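Side-chain atoms are counted along with the backbone in the values below, which use heavy atoms only and exclude waters and symmetry mates. Convention: sequence-line order gives letters A, B, ...; per-chain numbering from 1. Everything quoted here is computed from the prediction, not taken from an experiment.
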Protein chains: 2
Amino acid sequence: MKLNTKSRYAVMALADMAVFSSDDAVSLRDISLRQGISLLYLEQIFLKLKKNNIVKSVRGINGGYILVKSPKELKILDILLALDQKVKTIGCKKNSKKSCNGKSTKCITHNFWDELDIHINSFFESKKLSDLLKNREARI
Amino acid sequence: MKLNTKSRYAVMALADMAVFSSDDAVSLRDISLRQGISLLYLEQIFLKLKKNNIVKSVRGINGGYILVKSPKELKILDILLALDQKVKTIGCKKNSKKSCNGKSTKCITHNFWDELDIHINSFFESKKLSDLLKNREARI
DNA sequence: TATATACCCGACTAAAATAGTCAAGTTTTT
DNA sequence: AAAAACTTGACTATTTTAGTCGGGTATATA
């Protein structure tokens, strides 16, 4: 049970932007160098972040990306959703279109998975990007 | 971010055992029929549950499996651990042997993933098998 | 206005994980 | 003896993941 790298790198990259924020756009090249994430991969990730209005882009020679919201307002959940990272443990059986059929023995675990989803989602909902920056060491 | 089927089926199967508990062992054949899970697959799952002392087996013609602990004492976490289902979101980068190297910018997200793990693990730690049975409908 | 920088975007692929099956047992009750 | 049920390792097809590739487009600055 783990988050995929796209989600993790997205959070990492946005945290990087928050740390190195200025009025200027932050280029993927800089993030790539600082965080050790492939530039090509970052492009793919930021495409989704842009589509989901987490960042906006500035094209051209001094271009890059800018956070749409302040780190204090940006929920981690929004980042994960932008990367299609649904927190879904899946109820009952794998392929059931309807998550439950009528037979209730098959649904013994159903409510439990729902609870788990709520538990995890509320964590991501409560955490803001700025929360990640709090405990880090002062020095770069 | 989801639990694999082995883990989910394990919880489902054990919940089934708890519901249909008696002094006798419960056969995998019965669980398979009731829960619609492949018998062969259940065998693989129960092998691990047995190795990890979640169930004990009774061989022979009226054999099957018996819960080692009562559902009230059996933590969901123990079940997941038996299936190798570590709740590890992975810190920092994928392949780093040491989860952090000295450069602290790379560890911006590190504490956050740790917090997430703790959050999820404490959920599984607090929930017992008996908790799954509470809300289910009275009728089979 | 040339050009380098940086975003844009779909398609592709290798590798790993997952879900599940198969074969060939052993044990125990009736 | 025979049938039910557990035991175990190996095998495989499918799916997912992680990441690359190629060929764009936009724009600031020299």
Tell me: [atom1] of [X] to [atom2] of [N], nearest whole Å?
X	N	atom1	atom2	value
Lys51(B)	dT8(D)	NZ	P	6 Å
Ile37(B)	dG20(C)	CD1	P	9 Å
Tyr41(A)	dC7(C)	OH	C1'	19 Å
Leu39(A)	dA6(C)	CG	P	9 Å
Lys2(A)	dA17(C)	NZ	P	7 Å
Leu3(B)	dA17(C)	CG	P	17 Å
Leu47(B)	dA5(D)	CG	P	18 Å
Leu40(A)	dC12(C)	CG	C1'	13 Å

Shortest non-hydrogen contact from Leu67(B) to Met17(B)?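 Where Leu67(B) meets Met17(B) most closely, the heavy atoms are N-CE, 3.8 Å.
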Do you know the tightest heavy-atom contact between Ala25(B) and Gly63(B)? CB-C, 3.8 Å
Does a side-chain N or O from [X] land closer than 4.0 Å to OP1 or OP2 of [N], or not?
X	N	value
Tyr9(B)	dG20(C)	yes
Thr5(A)	dA18(D)	yes
Ser38(A)	dT20(D)	yes
Lys6(A)	dA18(D)	no
Tyr65(B)	dA5(D)	no
Ser57(A)	dA6(C)	no

Taking for each residue the nucleotide of DNA chain C with the nearest heavy atom, is it Val58(A) or Gln85(B) whose nucleotide lies nearer the 5' end?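 Result: Val58(A).
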If the threshold is 4.0 Å, N to carboxylate O, is there a salt bridge linking [X] and [Y]?
X	Y	answer
Glu73(A)	Lys128(A)	no
Lys88(A)	Asp114(A)	yes
Asp131(A)	Lys72(A)	no

Contact string for nucleotides 25-30 of chain C, one letter per nucleotide 5' to 3', B = base within protein heavy-atom range under 4.0 Å, S = sugar-phosphate only, - = neither, reads BBBBBS
Residues two or more places apart in sequence or in another chain: which of them pass side chain to side chain donor-acceptor pair (under 3.5 Å) with Asp78(B)?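 Once residues adjacent in sequence are excluded, Asp78(B) has no partner under the side chain to side chain donor-acceptor pair (under 3.5 Å) criterion.
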So for Gln44(A) and dT20(D), does any side-chain atom that can act as donor or acceptor lie under 3.5 Å from a complementary atom in the base?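 Under the 3.5 Å cut-off, the side chain and the base do form a donor-acceptor pair.
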Describe, in one word, how the ring planes of Phe123(A) and Phe112(B) are oriented to each other, choosing from parallel (under 30°), tilted (30 to 60°) and perpendicular (over 60°). parallel
